[in-house]
Amino acid sequence: MAFDGITVSCLVHELNKRTLNGRISKIAQPENDELILTIKQPQGEQVKLLLSASPSLPLAYITESSKQSPMIAPNFCMLLRKHIQNGRIIEISQPSLERIINFKIEHLNEMGDICYKTLVVELMGKHSNIIFLDEKEMIIDSIKHIPQSISSVREVLPGRNYFIPETTQKANPLEISFEEFSNDMGASSSPVFKALYSKYTGLSPFFSEEICHRANIDSGICANEIQNLDELYKVFSSAMDDIKNHNFSCSIVYENNVPFEYSSMPLTSFSEEVTKKFDSISSLLEAYYAEKELVSRIKQRSIDLRKIVQNLLEKDVKKYDLQLKQIKDTEKKDTYRIYGELLNTYGYNLEPNLTKFTTINYYTNEEITIPLDPDFTAIENAKKYFEKYNKLKRTKEALDKLTIEVKEEIEHLESIQNSLDIAVSLDDLLAIKEEMINSGYIKRHNSNNKKQKIKSKPFHYITKEGFHIYVGKNNLQNEEITFKVANGNDWWFHAKNIPGSHVIVKTEGLELPDSVFEDAAKLAAYYSKAKGQSRIEVDYVRRKEVKHPNGSKPGFVVYYTNYSMLIDSDISSLTRIDD
C-alpha cells in the first residue's frame with residue numbers, strides 16, 4: 001500500500017483547499033476506530049471527511065457516501081461533540097513528511113471564551129490512532145487507548161503528554177542536502193530503493209522504485225555502489241520540490257485490469273494504458289479501496305463455494321485414480337482368453353493332475369506356459385479362464401464409461417474453480433452458484449425454490465482496431481457467447497487442454513489482423529488456470545467448427561480442426577468495457 005507521507009502531503013493540500021475555515025457541523029463514529037466529520041464551508045459547501053484508524057486499513061479522505069451510525073454514540077464521539085462540534089478548522093498540517101495530519105480547531109468553551117484543540121490523525125498501520133489534544137498538547141482522549149502494557153515507547157491515555165515517537169531514526173527528505181544524501185547512500189549496503197525508504201520519512205517502496213527509474217538506475221544495486229549519485233540526488237531533490245510546491249498527480253496503476261498500486265506523484269515507470277488519473281487524492285483513495293474491498297468481499301463470499309468444489313474435486317480425483325488402477329488390473333483379461341482358447345485347442349489329451357501346460361501360442365508362434373488347477377480337467381480349466389476373461393471384460397467396459405464420466409466431472413469442477421478465480425462481482429458468484437445448483441452440487445435454499453435473477457454479464461473488451469471480444473466468466477456464459485452471441489464465422493479461442501473461459505472475437509465479416517488474434521489468445525490464456533505462465537498454448541478456430549455434444553456438461557465443447565499459438569497472459573494493453 002502506498003499510503004505514505006507523500007500521499008498524506010497531497011491529502012493535506014486538498015483538505016486545506018476544501019475544509020480550511022469550515023465548521024464541524026456533525027461528528028459520527030460508525031465504527032470503533034473510525035470517524036466521519038461533516039464540515040460546512042462559509043460559502044455553503046458541505047464536505048464529509050472520513051478518518052479511519054483501522055490497523056489493517058488506516059485511511060483519511062473526503063467522501064460522498066455515508067455510513068449508519070450506532071444508536072448510542074461511543075464515548076469518544078460524545079467527547080468530540082461536546083468540545084469541537086461547531087468548531088472552526090483554522091489549520092491543517094503535516095509534521096515533517098510523517099503519516100500524520102493535525103487539525104487545529106477553534107471553538108468556544110462553556111463560558112463563551114475562545115479555545116483551541118487539536119485532532120491528531122496518525123495513519124501508521126497497526127499503530128494508527130486518532131488523538132484529541134488540548135492547547136498544551138496534553139491528551140484529552142483517543143479513539144484507541146494504548147497503555148504501557150501494550151507499548152513501552154509511548155502511552156496514549158488521557159492526561160499524558162503527546163509526542164511523536166522517533167523509533168525509526170529517519171530524516172525529513174524535504175530538508176536533505178547533497179552532502180547528507182551522499183553520506184546516507186554511501187553508508188548503506190541495501191538495494192538503493194530500500195535505502196531511500198529506510199533512510200527518509202514518508203517514502204514508500206513503490207515511490208522509491210519510481211525515483212530510481214527516473215534516474216535510470218537499477219533499483220536492485222547496492223546504494224554504496226552507485227556511480228552517478230549526482231543524477232540520483234537531482235531526481236530525488238526534484239521530487240521533493242514537487243511535494244513542497246504541491247505538484248501532485250493522482251493515479252491508480254492497474255495490472256491486468258486489477259488495481260495494483262496508486263500514487264499521488266507523476267509516474268514514469270508505467271504506461272498510460274495501465275494508469276487511470278484522478279482529479280483528487282480523495283476520489284482516488286475512495287475508488288482504489290472500494291475496488292480492493294470488493295475483491296476482498298468476493299473472496300470472502302466465495303469461500304463456501306470453493307470448499308464445496310474442492311471437496312468434490314478431491315473425492316472425484318481419488319475415485320478416478322482408483323478406477324485407473326482397476327483398469328490396469330483388467331489388462332490380464334486377454335491373457336486369460338488366450339489360455340482358454342489354447343486349452344480348448346490343445347488340451348484334449350492332457351494327463352490329469354498337471355499344474356502347468358506348455359504349448360505354442362498360435363497368435364505369436366512363441367512358447368507359452370499355462371498354469372493349471374490339478375483338481376480340474378483341461379476343459380474345466382479353460383472354462384474358468386473364460387469366466388475370468390468375461391468378468392474382467394465387463395469390468396473394463398463399465399470402468400471405461402465410469403472414468404469418462406468422472407473425468408468430465410473433474411474437468412467441470414476445475415472449470416468452476418476457474419470461474420471463482422475470475423469472478424469480479426457478487427453477481428458473478430450468484431451465476432456460479434446457479435450453475436452448481438443446476439449440476440446438483442448444492443441445493444437451492446430460498447423459500448420459494450425459485451431461480452434468482454442473474455445480472456452477471458461476460459467480460460467485454462475492445463481492441464485498438466475496434467474489434468469486440470467477449471469472455472465468458474462461467475460455463476453458462478461460455479455457452480451463451482459461443483452459441484448465441486457468436487455467429488459461425490466469428491473466431492473462438494480457448495487455452496489448450498486447460499480449464500478456462502471461452503473467448504469470442506466478433507469479426508463483423510472482416511478479416512482479423514494478426515494483432516487481434518494475439519489479443520484474443522492472451523485473453524484466453526489470462527482467463528485460464530495457466531494464467532501467469534510465460535508461454536501458454538491456445539487453440540483457435542472458426543466458431544462453426546465448435547460443437548456441444550448432447551448430454552455433456554455446461555461449457556463442454558469439441559472441435560476437430562483448429563490452429564494453435566503460444567502466447568503470454570499479459571492483457572494490460574486491452575481495454576475492458578463495463579457494459
A.B. asks: Among Tyr540, Tyr527, Tyr559, Tyr470, which one satisfies ring pair (Phe, Tyr, Trp, His ring centres under 6.0 Å) with Phe493?
C.D. replies: Tyr540
A.B. asks: Can you tell me which residue among Val12, Ile62, Leu15, Leu11 is in a side-chain contact (heavy atoms from CB on, under 4.5 Å) with Ile281?
C.D. replies: Leu11
A.B. asks: Would Glu480 and Leu476 count as a side-chain contact (heavy atoms from CB on, under 4.5 Å) here? Give the steps.
C.D. replies: CA-CA 6 Å; Glu480 178 189 352; Leu476 299 179; over 6 Å; no
A.B. asks: Is Asn475 reaching over with its side chain to a backbone N or O of Phe556, donor-acceptor style, under 3.5 angstrom?
C.D. replies: no
A.B. asks: Taking Glu209 for its side chain and Phe193 for its backbone only, find out whether a donor-acceptor pair lies under 3.5 Å.
C.D. replies: no
A.B. asks: When you measure from the side chain of Ser280 to the backbone N and O of Ser283, does any donor-acceptor pair fall under 3.5 Å?
C.D. replies: yes
A.B. asks: Using only heavy-atom distances, determine whether the side chains of Thr63 and Glu286 contain a donor-acceptor pair under 3.5 Å.
C.D. replies: yes
A.B. asks: Looking just at side-chain N and O atoms, do Ser569 and Gln533 make a donor-acceptor pair shorter than 3.5 Å?
C.D. replies: no
A.B. asks: Decide if atom CG of Asp321 counts as having more than 12 heavy atoms of other residues, nucleotides or ligands within a radius under 6.0 Å.
C.D. replies: yes
A.B. asks: Side chains of Ser219 and His213: any donor to acceptor distance under 3.5 Å?
C.D. replies: no
A.B. asks: Would you say the rings of His412 and Tyr441 are close, in the sense that their centroids are separated by under 6.0 Å?
C.D. replies: yes
A.B. asks: Side chains of Thr7 and Asp4: do they bring a donor and an acceptor to under 3.5 Å?
C.D. replies: yes
A.B. asks: So, does Ser142 use its side chain to make a donor-acceptor pair with the main chain of Ile130 at under 3.5 Å?
C.D. replies: no
A.B. asks: What do you reckon, is NZ of Lys276 surrounded by more than 12 foreign heavy atoms closer than 6.0 Å?
C.D. replies: no
A.B. asks: Out of Glu409, Glu414, Glu435, which one pairs with Lys553 under the salt bridge (charged side-chain N to carboxylate O under 4.0 Å, His left out) rule?
C.D. replies: Glu409
A.B. asks: Looking at CG of Asp519 and CD1 of Ile571, how far apart are the two atoms once the value is rounded to the nearest 0.5 Å?
C.D. replies: 10.0 Å
A.B. asks: So, Gln326 side chain and Leu399 main chain: donor-acceptor pair closer than 3.5 Å or not?
C.D. replies: no
A.B. asks: Would Ser54 and Ser52 count as having a side-chain donor-acceptor pair, cut-off 3.5 Å?
C.D. replies: no
A.B. asks: Quick one: does Val538's side chain get under 4.5 Å of Ser528's, heavy atoms only?
C.D. replies: no
A.B. asks: Is there a side-chain contact between Ser501 and Asn478, using heavy atoms and a 4.5 Å cut-off?
C.D. replies: yes
A.B. asks: Quick one: which residue pairs count as a salt bridge (charged side-chain N to carboxylate O under 4.0 Å, His left out) with a foot in residues 396-406, not counting sequence neighbours?
C.D. replies: Lys396-Asp400
A.B. asks: How about Gln300: does its CD atom have over 12 heavy atoms from other parts shown lying under 6.0 Å from it?
C.D. replies: no
A.B. asks: Ile504 vs Arg543, test: side-chain contact (heavy atoms from CB on, under 4.5 Å). Steps then yes/no.
C.D. replies: CA-CA 8 Å; Ile504 287 292; Arg543 209 291 296 157; 3.9 Å; yes
A.B. asks: So which atom in Met565 and which in Ala521 form the shortest heavy-atom distance, rounded to 0.1 Å?
C.D. replies: SD-CB, 3.5 Å
A.B. asks: Does the Asp316 side chain pair with the main chain of Leu313, one donor and one acceptor, at a distance under 3.5 Å?
C.D. replies: no
A.B. asks: Take atom NZ of Lys529 as the centre, draw a 6.0 Å sphere, and report whether it contains more than 12 heavy atoms from other residues, nucleotides or ligands.
C.D. replies: yes
A.B. asks: I need the Leu267 CG to Cys250 SG distance, nearest 0.5 Å.
C.D. replies: 10.5 Å
A.B. asks: With side-chain contact (heavy atoms from CB on, under 4.5 Å) as the test, would you mind laying out the steps for Arg535 and Ile567 before giving the verdict?
C.D. replies: CA-CA 5 Å; Arg535 307 295 283 174; Ile567 200 79; 5.7 Å; no
A.B. asks: For atom CZ of Arg306, decide whether the heavy atoms of other residues, nucleotides or ligands shown that lie under 6.0 angstrom number more than 12.
C.D. replies: yes
A.B. asks: Between Lys522 and Glu518, does any NZ, NE, NH1 or NH2 come within less than 4.0 Å of an OD or OE carboxylate oxygen?
C.D. replies: no
A.B. asks: Mind running side-chain contact (heavy atoms from CB on, under 4.5 Å) on Phe260 and Phe270 for me, showing each step along the way?
C.D. replies: CA-CA 12 Å; Phe260 166 64; Phe270 295 90; 4.2 Å; yes
A.B. asks: Would the distance check show the side chain of Lys544 and the main-chain N or O of Val541 forming a donor-acceptor pair, the cut-off being under 3.5 Å?
C.D. replies: no
A.B. asks: I need the Arg301 CZ to Leu305 CG distance, nearest 0.5 Å.
C.D. replies: 9.5 Å
A.B. asks: Once rounded to the nearest 0.5 Å, what's the spacing between atom CG of Leu420 and atom CE of Met436?
C.D. replies: 7.0 Å
A.B. asks: Less than 3.5 Å apart, any donor N or O on the side chain of Gln46 or Thr38 sitting next to an acceptor on the other?
C.D. replies: no
A.B. asks: Please report the shortest heavy-atom distance between Val505 and Phe467, naming the atom on each side.
C.D. replies: CG1-CB, 4.4 Å
A.B. asks: Does Lys473 qualify as a cation-pi partner of Phe459, given the criterion of NZ or CZ under 6.0 Å from the six-membered ring centre and within 45 degrees of its axis?
C.D. replies: yes
A.B. asks: Within the structure provided, determine whether Ile298 and Asp428 are in side-chain contact (heavy-atom separation under 4.5 Å).
C.D. replies: no
A.B. asks: Under 6.0 Å between the ring centres of Phe517 and Trp491?
C.D. replies: yes
A.B. asks: Considering residues, nucleotides and ligands other than Tyr563, do more than 12 of their heavy atoms fall under 6.0 Å from its OH?
C.D. replies: no
A.B. asks: Going by the salt bridge (charged side-chain N to carboxylate O under 4.0 Å, His left out) test, which pairs reach into residues 497-509, not counting sequence neighbours?
C.D. replies: Asp490-Lys506
A.B. asks: Can you tell me how far the CD1 atom of Ile462 sits from the NZ atom of Lys464, to the nearest 0.5 Å?
C.D. replies: 13.0 Å
A.B. asks: Below 4.5 Å, heavy atoms only, C-beta onward: do Phe278 and Ile252 meet side chain to side chain?
C.D. replies: yes
A.B. asks: May I ask you to decide if Trp492's main-chain N or O and His502's side chain share a donor-acceptor pair within less than 3.5 Å?
C.D. replies: no
A.B. asks: Any side-chain donor paired with an acceptor under 3.5 Å for Glu210 and Ser263?
C.D. replies: no
A.B. asks: Does Ser9 use its side chain to pair, donor to acceptor, with the backbone of Gly5 at less than 3.5 Å?
C.D. replies: no
A.B. asks: Starting at CZ of Arg99, measure out to CG of Leu97 and round the result to the nearest 0.5 Å.
C.D. replies: 10.5 Å
A.B. asks: Could you tell me how the ring of His13 sits relative to the ring of Phe248: parallel (under 30°), tilted (30 to 60°) or perpendicular (over 60°)?
C.D. replies: tilted
A.B. asks: Decide, yes or no, whether a salt bridge links Glu479 with Lys484 under the criterion of side-chain N to carboxylate O below 4.0 Å.
C.D. replies: no
A.B. asks: Does a side-chain heavy-atom distance below 4.5 Å link Leu35 with Ile143?
C.D. replies: yes
A.B. asks: Side chains of Tyr254 and Glu261: any donor to acceptor distance under 3.5 Å?
C.D. replies: no
A.B. asks: Between Glu314 and Gln310, is any side-chain donor less than 3.5 angstrom from a side-chain acceptor?
C.D. replies: yes
A.B. asks: Are Leu123 and Phe3 side-chain neighbours, meaning at least one heavy-atom pair lies under 4.5 Å?
C.D. replies: yes
A.B. asks: Charged N to carboxylate O below 4.0 Å: is that the case for Lys455 and Asp427?
C.D. replies: no
A.B. asks: Is the shortest heavy-atom distance from the side chain of Gln29 to the side chain of Ile36 under 4.5 Å?
C.D. replies: no
A.B. asks: Give a yes or no on whether the backbone of Ser564 and the side-chain of Lys496 come within a donor-acceptor separation of less than 3.5 Å.
C.D. replies: no
A.B. asks: Quick one: are Leu430 and Glu434 in side-chain contact, heavy atoms under 4.5 Å?
C.D. replies: no
